[in-house]
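Beneath this line is the structure, given in structure tokens, with notes to follow.
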Amino acid sequence: MGAEAAIGIDVGTTNVKVVLVDGDGRLAANAHRKLSSHVDGDVGEQDASATLSAVASAVAEVTAAGPALARSVGSVGVCSQYSSIVPVDEAGEPVAPMVMWTDKRGTDHSFELLMASEDAMETWVEHHGIPPVGGGLSLAHMLHLQRDRPEVHSRTAMWLESMDFITMRLTGNVAANQGTMFMSQLCDNRTLGVTEYDPLLVEMSTLDANRLPPLAGFDEPVGTVSAPVASELGLPADTVVYGGVNDTVAAAVATGAFQPGRGGLSIGTTSVLVDTLGEKRVDLDHELLSMPSPFPDTYVLWAENGIGGRALEHILTDVVHAVDVLADHTTDDEFARLDAALASVPAGSGGVIFLPWLNGSLSPSSSPTMRGGFINMSIETNRADMVRAVTEGVAHNLAWLLPHAESFTGKRMDEIAFLGGAARSAQWCQTIANVLDRPVGPVPHADWAVAMGVADLARHRHGDLDRTELESG
């Protein structure tokens, strides 16, 4: 029997993207759905049921687009943004909105853990890598739900990360893993492939361990798509759903960052550099660390640079094409003339400098209170100058991060594979290459590459793709 088709599901912060790939990994159909968030001060939430509906709708669209191929689907892979907790009841239904990675509640409780003993900081860093500092991490979210919202906590049977919520609703089974629960800060990451939480970290966390999802191995299937869901989505009833991964790991697969000399760059809502290394490392001074990969001998560099594509989207949507009391400048596609605008302005943006820290800074210097904006504007500055300045500002922020990332892994990124919505812009790609002084090239189907990466990972786990082929990106 030949290789089977696969479904890849990528649940981001602002979009759900789904792909159907054939037995050779070629893109056969794709669909996306918009997601909305509720943001108010420290609060960042999404309706988890609406996210699930978006996933179901997008999967149904791709299977309807290729019904014959859909009947040969053997596996499903799921990735998502992470550090986003869904509290669910015994039936797997959300009992409150998903607490997103942008949500800062629970930070005070995290610092209480840090100050509870003299060796708390050292223990957490040694075992896991990240100390309990809150700021949007899953541990803080679970502490918030347990301590501050007793009415929610009493109805909660399990805390699930977004990707584990999706795999559970597809199969009816609950199975997290060391990678999906990375931001719970409860696993000993000195060893890859652990299937138990670190008892010392769990005790120090003060969390109710009964509400933690069970951990499975990286390659273990969660189960098969349940019969009612298979019928709704147009999938075979024996389709295997594999354990989730976070979107950083999926980006490493999609960019081929497991190859020597190649790094990966993802610019979606945020900018992320990815690479691989062979051991657990931590550099708290520059917010760099290693996270578990799907392979038992490899870690993935965690280097979140902060707001990236969202900065450009904000300027194009809310400034250039804004609808407000001044005028209606709406357009069907805010990005349609992006490359023309960038090409019309020489490098340097007419002297305008954009500082991209619209929601604080992450690696290589974390500051949640840092804010950005335009400086050095003159009477000659126009909208195209400002748009180009945004792309250059994001590129220079990456240039600030790159040497720290390479020092951390001990490897030079001789070439960088680029994915995400930003990779559709040839001009932005060239700007990044010029600023980083490295070859930077978009991967095929750059806007769908993360979903395709997680589909390929599912195909590998299903025996339809060997590791050498998978690691080539």
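A centroid separation of 6.0 Å or more is found between the aromatic rings of Phe295 and Phe218.
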Worked check of salt bridge (Lys or Arg N to Asp or Glu O under 4.0 Å) between Arg105 and Glu45: CA-CA 11 Å; Arg105 291 173 294 178; Glu45 296 181 335; 2.8 Å; yes
Working for side-chain contact (heavy atoms from CB on, under 4.5 Å), residues Leu143 and Ser110: CA-CA 8 Å; Leu143 287 167; Ser110 297; 4.0 Å; yes
Salt bridge (Lys or Arg N to Asp or Glu O under 4.0 Å) assessment of Glu279 paired with Arg281: CA-CA 6 Å; Glu279 62 184 10; Arg281 293 180 191 165; 2.8 Å; yes
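The main-chain N or O of Arg26 is found under 3.5 Å from a side-chain atom of Asp22 such that the two form a donor-acceptor pair. Arg147 places no side-chain N or O within 3.5 Å of a backbone atom of His144 that could act as its donor or acceptor partner. No donor-acceptor pair closer than 3.5 Å links the side chain of Thr239 to the backbone N or O of Leu235.
Counted within 6.0 Å of CD on Glu93, heavy atoms from surrounding residues, nucleotides or ligands total more than 12; the atom is thus considered enclosed.
The two residues Arg459 and Val21 have their closest heavy-atom pair at CD-CG2, 4.0 Å. The two residues Val16 and Ala54 come nearest to each other via the heavy atoms CG2-CB, 4.1 Å.
Electrostatic pairing of Arg461 and Glu220 does not count as a salt bridge here, judged by no charged N lying under 4.0 Å from a carboxylate O. Salt bridge present: Arg262 and Glu415 bring a charged side-chain N and a carboxylate O closer than 4.0 Å. Electrostatic pairing of Arg71 and Glu4 does not count as a salt bridge here, judged by no charged N lying under 4.0 Å from a carboxylate O. Taking 4.0 Å as the cut-off between side-chain N and carboxylate O, Asp275 and Lys411 count as a salt-bridged pair.
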